[in-house]
Every structure is written in C-alpha cells, then in structure tokens.
Amino acid sequence: MIGIFDSGIGGVTVFKEILKYLPNYQYLYYSDSNNNPYGDKSEEELINITENICKYLVNNGCKVIVIACNTASAICKDYLREIFDIPIIAIEPALKMVYDYNYEGKTLVLATKGTLNSKKFKELYHKYDNHKSIIYECVGLADLIEQDKKEEIKEYLNKHLGGFKDIQNVVLGCTHYPLIKQEIRDILGDVVFYDGSLGIVKELERKIREIGLQESKQIIVFEDSSNNSLKEERFYNCLEK
Ligand code: DGL
C-alpha cells in the first residue's frame with residue numbers, strides 16, 4: 001500500500017499524476033481537512049500533525065509515503081525521514097524545472113507562507129534563482145480552494161495577481177493551486193505552469209523498485225480527518241477531471 005497525504009484536496013493534483021504512471025497499486029489517500037490550512041501553522045504544530053498521519057498510514061499497511069503537500073514537505077520531511085524507517089517522498093516547488101526549461105522567463109512563484117519561510121525553500125531558491133523571479137505568498141488561497149469558493153477565488157486572484165505583467169512562468173508551489181490553473185490564466189494570460197508532481201512520480205517509481213513493492217489490482221481508499229462525506233465526492237470529482 002502507498003500512503004499519500006495533504007491538508008485536504010490539493011494532493012489530488014499529485015495523486016492524478018501518480019495514477020497516470022503507476023496505476024496498478026493500492027493507495028490510501030489521507031486528506032487532513034480538519035487541520036487545513038497547513039500554510040499558517042507553526043513548525044511544531046505541523047510536525048506533530050504529520051507525525052500522527054504517518055503513524056496512521058504505517059499502521060494501515062503503507063510501505064512508502066508521499067507527502068503531497070509543499071508546506072508539510074518543506075517543514076517536516078527531514079524529521080519524518082529520521083523517525084520512520086520506510087521511504088518518505090516529498091514534493092518541492094518546481095524551481096529547477098524553470099531553471100532547466102525557461103531560465104530567461106519572468107517567473108512568478110506562488111506558495112504558502114509556511115513554504116516560503118522555510119529553510120528548504122530558501123536553499124532551493126538560491127540554488128535555482130533565475131534573477132527574474134517574484135515570490136508571492138498566497139495567504140488564504142489554499143483555504144478558498146479547499147472550500148471550493150469559486151467567486152472568492154476569482155476576487156482573490158484579481159486583487160493579488162492582477163498587478164503582475166509579462167509573466168511567462170508560474171511555479172505552483174502549493175498542491176492546491178493546479179486546481180485553479182484556468183482561473184490564474186484568466187488573470188495572467190497564457191503562462192506556462194510548473195509544479196512538482198512529475199518529480200514525485202519519478203522518485204516514487206524508484207523507491208517502489210527499491211523496496212520491491214509488487215503491482216496489484218488498483219485500489220484507492222480515501223479518508224478525511226473531518227469525516228465530511230462531501231470531501232470524498234470532491235476527491236473523486238477532482239481525480240476524474
Ligand atoms: N496543499 C498544501 C501545500 O502544498 C497546503 C496548503 C495549506 O493547507 O495551506 O502547501
């Protein structure tokens with residue numbers, strides 16, 4: 001079994017990519033909407049929350065865990081990797097992709113406060129900075145996406161991104177953001193998006209081979225910490241889109 005978790009529905013954008021390449025495995029997706037948003041939480045709170053989720057996933061038979069959340073990855077991955085003896089795969093904002101594919105392009109990096117303030121992000125940024133990047137902290141945006149507040153999302157984007165001109169690359173540094181690509185394009189025009197999900201797939205494939213996890217019939221189990229049945233419906237809707 002492969003465990004995947006996020007603060008809610010955002011990790012679906014990663015899970016979709018995983019299913020494209022690795023369809024024949026058993027998956028347990030844990031949506032922690034009870035603790036959403038992660039982006040404004042302290043390091044201590046997040047470590048406590050994610051440690052409990054990983055324990056739960058391990059106790060339910062997961063042999064590898066994917067942190068499908070940039071915030072939790074940036075803040076907790078080193079700690080979690082130290083205390084669990086199964087592979088823990090973590091997403092990161094796709095700054096390297098911009099560096100490799102369009103270094104000259106004016107770039108907007110969007111992420112949560114937690115991700116942008118983390119040591120991991122700062123290291124990544126200094127390694128792959130193209131000197132044409134604007135970093136923007138999207139406080140509250142993941143929460144609006146989680147709650148599917150369509151009108152408020154439009155207003156938010158208008159207010160916060162409306163002033164940016166000539167952006168070519170947009171790094172979606174939060175797994176919730178790929179769910180609103182069209183809405184972002186409506187404001188910024190024909191930009192190219194970059195996110196970390198393809199990197200996750202490659203890493204997961206490698207780890208699966210390393211630990212010898214066998215292919216099986218596809219099974220997807222969804223769990224949500226707030227026990228809200230609407231979350232499950234939304235999860236499958238997002239997965240099918
Ligand atoms: N989807 C998460 C991320 O990638 C967390 C968003 C949040 O809960 O603030 O950062």
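Just follow the structure's listing: the first ligand is 1, and inside any ligand the first atom is 1.
- Within the 4.5 Å cutoff, the side chain of H176 has heavy atoms near those of the I9 side chain.
- When the shell of 6.0 Å around CD of Q182 is examined, it contains more than 12 heavy atoms from other residues, nucleotides or ligands.
- Looking at heavy atoms from C-beta onward, E44 lies out of side-chain contact with I47 at the 4.5 angstrom threshold.
- For ligand 1, the atoms closer than 4.0 angstrom to any heavy atom of G39 are 7 (C), 8 (O), 9 (O).
- Each of the following atoms of ligand 1 lies closer than 4.0 Å to a heavy atom of A142: 6 (C), 7 (C), 9 (O).
- If you look at D40 next to ligand 1, there are no close heavy atoms at all, none under 4.0 Å.
- Checked against a 3.5 angstrom limit, the closest N/O atoms of Y38 and ligand 1 fall inside it.
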Test salt bridge (Lys or Arg N to Asp or Glu O under 4.0 Å) on D148 and K150; report intermediate values, then the result. CA-CA 6 Å; D148 204 15; K150 295 192 172 58; 3.2 Å; yes

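- Atom 10 (O) of ligand 1 has as its closest protein heavy atom T71 OG1, 2.6 Å.
- Here is the list of ligand 1 atoms found below 4.0 Å of a heavy atom in S7: 5 (C), 6 (C), 7 (C), 8 (O).
- With respect to the salt-bridge test (charged N to carboxylate O, under 4.0 angstrom), the residues K154 and D186 do not qualify.
- Residue-ligand proximity, C174 to ligand 1, at heavy-atom distances under 4.0 Å covers atoms 1 (N), 2 (C), 3 (C), 4 (O), 6 (C), 10 (O).
- Between the choices G10, C69, G8, the shortest heavy-atom distance to atom 2 (C) of ligand 1 belongs to C69.
- Legend: residues meeting side-chain contact (heavy atoms from CB on, under 4.5 Å) with I211, ordered by chain and number and at least two apart, are K63, V64, P87, L213.
- With contacts defined as side-chain heavy-atom distances shorter than 4.5 Å, the pair Y38/I75 does not qualify.
- Ring to ring, F15 and Y27 are close: their centroids are under 6.0 angstrom apart.
- Considering backbone and side-chain N/O of T112, none are found under 3.5 Å from N/O of ligand 1.
- In terms of N/O distances under 3.5 Å, ligand 1 is not approached by G173.
- Of all atoms in ligand 1, listed by their number and element, those nearer than 4.0 Å to a heavy atom of N36 are 8 (O).
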